[in-house]
Amino acid sequence: MSILANKDTRAVIIGGIAGLNAARRMAQFDFLVNRPLTVQAFVYPPEEGQQKEIYRGGELKNIAVYSSLEKALEEHPEINTALIYIGASRAFQSAKEALESKGIKLVSMITEGVPEKDAKRLRKLAAENNKLFNGPSSIGIMSAGECRLGVIGGEFKNLKLCNLYRPGSFGVITKSGGLSNEAMWLCAQNGNGITTAVAIGGDSFPGTDFVTYLEMFENDPDTKAVVIVGEVGGTLEEEAADWLAAEKRRIRLIAAIGGTCQEVLPQGMKFGHAGAKEGKKGLGSARSKMNALRDAGALVPDTFGGLSKAIKQVYEELLADGAIKPEPDIDEALLPELPLKVQEIMKQGEVIVEPLIRTTISDDRGEEPRYVGYAASELCEKGYGIEDVIGLLWNKKLPSRQESEILKRIIMISADHGPAVSGAFGSIIAACAGIDMPQAVSAGMTMIGPRFGGAVTNAGKYFKHGVKDFPNDIPGFLSWMKLNVGPVPGIGHRVKSVKNPDKRVKYLVDYVKNSTSLHTPCLDYALEVEKITTAKKDNLILNVDGTIGCILVDLEFPEYSLNGFFVLARTIGMIGHWIDQNNQSARLIRLYDYLINYAVKEEREVPERK
Ligand code: Q5B
């Protein structure tokens with residue numbers, strides 16, 4: 001058996017991230033002793049509605065966060081314990097609510113810095129409601145083989161080393177969290193382990209005293225002895241001594257008291273815990289506590305170092321009396337192990353995981369992104385530009401200076417073409433409808449397709465095909481296109497024509513051909529095609545998509561990357577249009593009737609339904 005917590009304990013944690021960490025530690029213990037999750041719910045208003053992920057071994061559980069204790073208890077009536085992990089300013093109110101809640105029997109608080117008057121009020125409230133309030137400043141409660149409340153016990157391997165997977169015969173009561181772990185370890189090494197260990201917290205006015213817990217241990221037949229780790233300050237140890245002396249007790253009492261060093265230090269000095277301070281005239285000194293406990297019949301070693309020996313002595317006496325039987329040896333290898341994370345197993349070379357995706361262009365696992373191996377900041381420092389990053393990420397090659405200049409011009413020249421074109425118009429309508437930037441720009445983006453802007457890839461593809469399969473036969477190429485594809489991508493424009501040439505096209509062609517040494521078979525072929533198509537119709541010029549597509553093919557960019565240049569460049573323009581409309585606080589657009597040809601039926605009567 002155990003006191004305070006057992007396999008039926010179900011807890012709510014009131015608090016944020018620290019509470020989540022505690023819940024994760026508690027779930028490790030649940031896994032070790034093969035019990036259902038202890039933590040059933042969180043209460044933390046800022047994260048209401050969230051689900052917190054907790055692993056019980058390899059099993060993933062989602063624990064709901066509620067805005068109030070009332071709501072948590074409504075959904076989880078099985079909760080009987082509350083752990084307070086919230087800041088000092090709200091700890092009192094949370095603990096009060098928990099103590100006043102019907103189903104909750106035990107409230108344990110880790111919060112430090114709770115005002116003494118509040119701690120006293122909570123203690124009183126607990127007594128009035130016939131409940132237990134443990135803490136403040138308590139690391140928690142551990143019932144071996146049954147339940148862990150809080151982070152008490154430390155990491156998983158420590159739980160095993162302290163035999164906490166099964167009950168022993170020693171109860172533990174400490175003020176200090178750290179020493180509760182130490183005491184559990186000593187009970188495992190020198191005895192057969194613990195039934196329950198309670199850290200009551202080191203404040204001056206703990207919610208529950210030693211005597212209350214001693215009474216509980218006395219009534220727990222499995223607890224044969226209790227280890228108290230006390231310290232200078234307060235009267236809890238003296239009260240424990242009085243309790244022990246008052247009548248014949250079933251349990252043996254071992255007590256280690258910290259703070260005898262006070263004897264060589266200035267009087268009245270305060271130690272680590274808020275309550276660890278000797279009173280006036282040596283009241284509450286470690287020495288007086290030790291004497292009182294010894295006089296009452298407790299086994300009290302001179303120093304903490306003597307605690308091992310004392311526990312061993314009592315354990316052997318209990319064995320000799322037949323009060324306890326030696327625990328059968330447990331094969332540690334049979335105890336569950338926390339599942340390793342995939343990364344850890346991979347490191348050990350024991351598993352091969354097939355990657356879900358493969359990347360060949362960038363890597364962010366170091367201090368900064370590397371594009372095809374080159375650190376982004378180094379590219380900046382060495383004077384490279386956005387066009388070089390494009391070369392790396394889209395073509396896995398660092399362009400030459402001449403190639404970069406061409407790419408830069410392509411982007412600059414196609415960044416925008418006024419508000420009338422499909423893409424910009426789409427973004428403008430969206431902006432006027434109050435749509436946010438990413439969605440408004442996407443509205444424009446959806447326009448990019450075979451007729452508008454999205455002909456770059458296919459222009460590159462088919463002109464390349466022409467160069468290869470119809471090198472000296474442009475009419476043959478055009479017939480093949482008509483038969484197999486339709487309009488030649490990259491040829492034709494809605495408003496540009498031989499008489500109204502597209503200056504952008506002219507500029508790009510001139511620049512590439514006259515200012516660079518790029519070999520341009522694809523562009524040359526397209527210009528020959530243009531001669532034939534414009535002879536048929538004035539507007540069937542090599543358009544901006546076609547020109548860009550051919551130049552990019554000549555720059556050896558992958559075919560399917562080519563539309564990316566129009567997409568990228570035009571994103572700049574569409575963002576500009578969105579900002580522009582917003583700057584003007586533009587109003588919602590509705591088409592005027594005169595812009596619509598209503599080619600519809602005359603108004604008529606709806607026939608009766610048959
Ligand atoms: N015909 C661009 O057409 C447009 C023909 C053709 C043979 C062709 C059309 C087309 C291929 C796709 C393309 C990119 C839809 C254009 C761009 C960016 C922009 C936009 C901006 C910017 C225009 C009339 C007659 C018909 C057709 C024939 C047309 N195209 N024949 N090959 N390629 N091109 N798109 O004027 O005998 O009368 O039946 O699909 O490259 O988007 O500024 O606005 O920067 O924003 O509406 O520059 O050319 O003509 O389709 O009514 O055809 O010409 O067979 O002949 P239109 P349609 P017929 S650049």
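As the structure lists them, so they are numbered: ligands from 1, and atoms in each ligand from 1. Predicted model only: the values in this text are computed from it and were never measured.
The side-chain hydrogen bond (donor to acceptor under 3.5 Å, both in side chains) check on Ser515 picks up nothing, with sequence neighbours excluded. Residues that satisfy the side-chain hydrogen bond (donor to acceptor under 3.5 Å, both in side chains) test with Asn34, not counting sequence neighbours, are Arg56.
Looking at Glu368, its side chain never comes within 3.5 Å of a backbone N or O of Ala375 through a donor-acceptor pair. In terms of modelled atom types and a separation under 3.5 Å, the side chain of Trp578 and the main chain of Ile435 share a donor-acceptor contact.
For ligand 1, the 4.0 Å heavy-atom shell contains residues His417, Val421, Pro450, Arg451, Phe452, Gly453, Ala455, Pro487, Val488, Pro489, Gly490, Ile491, Gly492, His493, Arg494, Arg504, Lys537, Asn539, Leu540, Asn543, Val544, Asp545, Arg570.
Between Tyr374 and Tyr384, the distance from one ring center to the other does not fall under 6.0 angstrom.
A salt bridge (charged side-chain N to carboxylate O under 4.0 Å, His left out) check over residues 389-400, counting only residues at least two apart or in different chains, returns the pairs Lys397-Glu556.
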